[in-house]
Peer 1: 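Before anything else, here's the structure in question.
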Number of protein chains: 2
Amino acid sequence: MGEPIGSERLFLTDEQIRQGIEAMYFAYRGLTNEPDQILATLAYGRAHHRAIHFINRAPGTTVTNLLEMLGVTKQSLNRVLRTLIEDGLVESRVGKVDKRERNLYLTEEGVALEARLSDAQRTRMRATYREAGPEAVAGFRRVLEAMMDNELHRKYMSLRETN
Amino acid sequence: MGEPIGSERLFLTDEQIRQGIEAMYFAYRGLTNEPDQILATLAYGRAHHRAIHFINRAPGTTVTNLLEMLGVTKQSLNRVLRTLIEDGLVESRVGKVDKRERNLYLTEEGVALEARLSDAQRTRMRATYREAGPEAVAGFRRVLEAMMDNELHRKYMSLRETN
DNA sequence: CTTGGAGTGTCAACAAGGCTGACTTAATGT
DNA sequence: ACATTAAGTCAGCCTTGTTGACACTCCAAG
């Protein structure tokens, strides 16, 4: 067989692969550190953050839509969503065309919390990008996108079709 | 102020930063997908996976050490560790020099499960790396390492001092 | 116009895996 | 001898995931 097609002679030992996996683990922890601390002071968790993030990203999204993105059950999301609505961070409007649907929006207060949370992450990402340089960033993104399976990649891409 | 020092003219909009954060989220999900499914069939969770991973990585590690790596409480880890020991995946040996310490090792069965879990991840990582190319991989690693804070980076690096 | 099915919300019950606080036991070091 | 450290345990709490069952509203097709 000789050389596998497209291998470009990647000398990747199991050890190197393992290091990549560990790097993902620690980096992900680093990225969620600060938001988690902010959320803890507000009696919210990561689940609330995710909901807020995606509602901010796609204002007017429906519950089913959000369910799809997050990959959790309706009951699980509903619990989180209810507290956010009760606390006045999220507004749920009855759909205009289909009145069964609820369109979700962040309130002013919701936008404020979203900004606070993502500011922490963006500051870190900016510092990270500055330290690693533009080429590294391009590679980083390329690898991450290749790491998603088709379904996740579809979800990921769907977020930038409208914007 | 003009040009920020060290910026190297990185045109990074909030939108691009946000995409990076989202990419991390979806990629991490992709990476944990398969192991989670395997673990679910065995009545184990991600916590068990993490313990197994780090014991495999540093055989003979102490409980305190593991606690440090994982960043959880003793009680939380103990619950997981106990089931792994009861199920014969992990062996806990009294320390030779300090008999208060317990040195943790994977049994044959433990090694087998570790291999099964990391095989799934390594296969994905290999495919990912092949698709993205060597330069992308280097960038990926550089960005992830920059993304960790000092403490996490120390833990991350400690894993390759011995190997 | 009725009826099936889709979108939503909710109740109940359960499990994993975090947490805190309090405590025991054994071994170590001062 | 005594304080400290490593480990383990008990009890209780929270968040966030899960199933299953059910009600309500509304749309669309027969």
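To find a chain, count down the sequence lines: A is the first, B the second, and so on, and within it residues start at 1. Side chains are part of it too, since the values below use all heavy atoms of this structure and drop only hydrogens, waters and symmetry mates.
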Peer 1: Tell me, with the steps shown, if Leu89(A) and Ile55(A) meet side chain to side chain contact (heavy atoms under 4.5 Å, CB included).
Peer 2: CA-CA 11 Å; Leu89(A) 301 184; Ile55(A) 294 172; over 6 Å; no
Peer 1: Could you tell me from which nucleotide to which nucleotide of DNA chain D, 5' to 3', there is an atom under 4.0 Å from chain B heavy atoms?
Peer 2: dT5(D) to dC10(D)
Peer 1: Just grab all the salt bridge (charged side-chain N to carboxylate O under 4.0 Å, His left out) pairs involving residues 99-109 of chain B, residues at least two apart or on different chains.
Peer 2: Asp98(B)-Arg100(B)
Peer 1: According to side chain to side chain contact (heavy atoms under 4.5 Å, CB included), who are the partners of Thr123(B), at least two apart in sequence or on a separate chain?
Peer 2: none
Peer 1: Using only heavy-atom distances, decide whether a donor-acceptor pair under 3.5 angstrom links the side-chain of Arg46(B) to the base of dG18(C).
Peer 2: no
Peer 1: So which of residues 23-43 of chain A are in contact with DNA chain C, with a heavy-atom cut-off of under 4.0 Å?
Peer 2: none
Peer 1: For Glu68(A), what residues pass the salt bridge (charged side-chain N to carboxylate O under 4.0 Å, His left out) criterion, not counting sequence neighbours?
Peer 2: Arg154(A)
Peer 1: If you find the nucleotide of DNA chain C closest to Ser92(A) and the one closest to Leu77(B), which residue's nucleotide is nearer the 5' end?
Peer 2: Ser92(A)
Peer 1: Scan for salt bridge (charged side-chain N to carboxylate O under 4.0 Å, His left out) pairs involving residues 78-87 of chain B, sequence neighbours excluded, and state none if there are none.
Peer 2: none
Peer 1: By nearest nucleotide on DNA chain D, pick out whichever of Arg50(A) and Lys96(A) is the more 5' one.
Peer 2: Arg50(A)
Peer 1: Go through residues 59-73 of chain B and report each residue with a non-hydrogen atom lying under 4.0 Å from DNA chain D, sorted by number.
Peer 2: Thr62(B), Val63(B), Thr64(B)
Peer 1: Please list all pairs meeting salt bridge (charged side-chain N to carboxylate O under 4.0 Å, His left out) that have one or both residues in residues 37-52 of chain A, counting only residues at least two apart or in different chains.
Peer 2: Asp36(A)-Arg46(A)
Peer 1: Are any protein N/O atoms closer than 3.5 Å to N/O atoms in nucleotides 22-27 of chain C? If there are, list each pair with its distance.
Peer 2:
none

Peer 1: What pairs with Glu151(A) under side-chain hydrogen bond (donor to acceptor under 3.5 Å, both in side chains), at least two apart in sequence or on another chain?
Peer 2: Lys155(A)
Peer 1: Rounded to whole Å, please give me the gap between CZ in Arg79(A) and C1' in dG9(C).
Peer 2: 14 Å
Peer 1: Taking OP1 and OP2 of dG17(C), is either one under 4.0 Å from a side-chain nitrogen or oxygen of His48(B)?
Peer 2: yes
Peer 1: Need one value for Arg82(A): base, sugar-phosphate or nothing, where a base atom within 4.0 Å counts as base even if backbone is also close, heavy atoms only.
Peer 2: sugar-phosphate
Peer 1: Flag the pair Leu104(B) / Thr62(B) as yes when at least one side-chain heavy-atom distance between them is below 4.5 Å, and no otherwise.
Peer 2: no
Peer 1: Using the ring pair (Phe, Tyr, Trp, His ring centres under 6.0 Å) rule, collect all pairs that involve residues 49-71 of chain A, keeping only residues at least two apart or in two chains.
Peer 2: Phe54(A)-Tyr25(B)
Peer 1: Please report, rounded to the nearest Å, how far the P atom of dG18(C) is from the CG atom of Asn78(B).
Peer 2: 13 Å
Peer 1: Would you indicate whether the side-chain heavy atoms of Tyr129(A) and Met125(A) approach each other to under 4.5 Å?
Peer 2: yes
Peer 1: Could you give all pairs that pass the salt bridge (charged side-chain N to carboxylate O under 4.0 Å, His left out) test and reach residues 113-122 of chain A, with sequence neighbours left out?
Peer 2: Glu114(A)-Arg18(B), Asp119(A)-Arg122(A), Arg122(A)-Asp14(B)
Peer 1: If we ignore hydrogens and angles and just use 3.5 Å, is the side chain of Gln16(A) paired with the main-chain N or O of Thr13(A) as donor and acceptor?
Peer 2: yes
Peer 1: Between Arg124(A) and Leu31(A) (side chain of the first, backbone of the second, donor and acceptor by atom type, cut-off under 3.5 Å), is there such a pair?
Peer 2: no
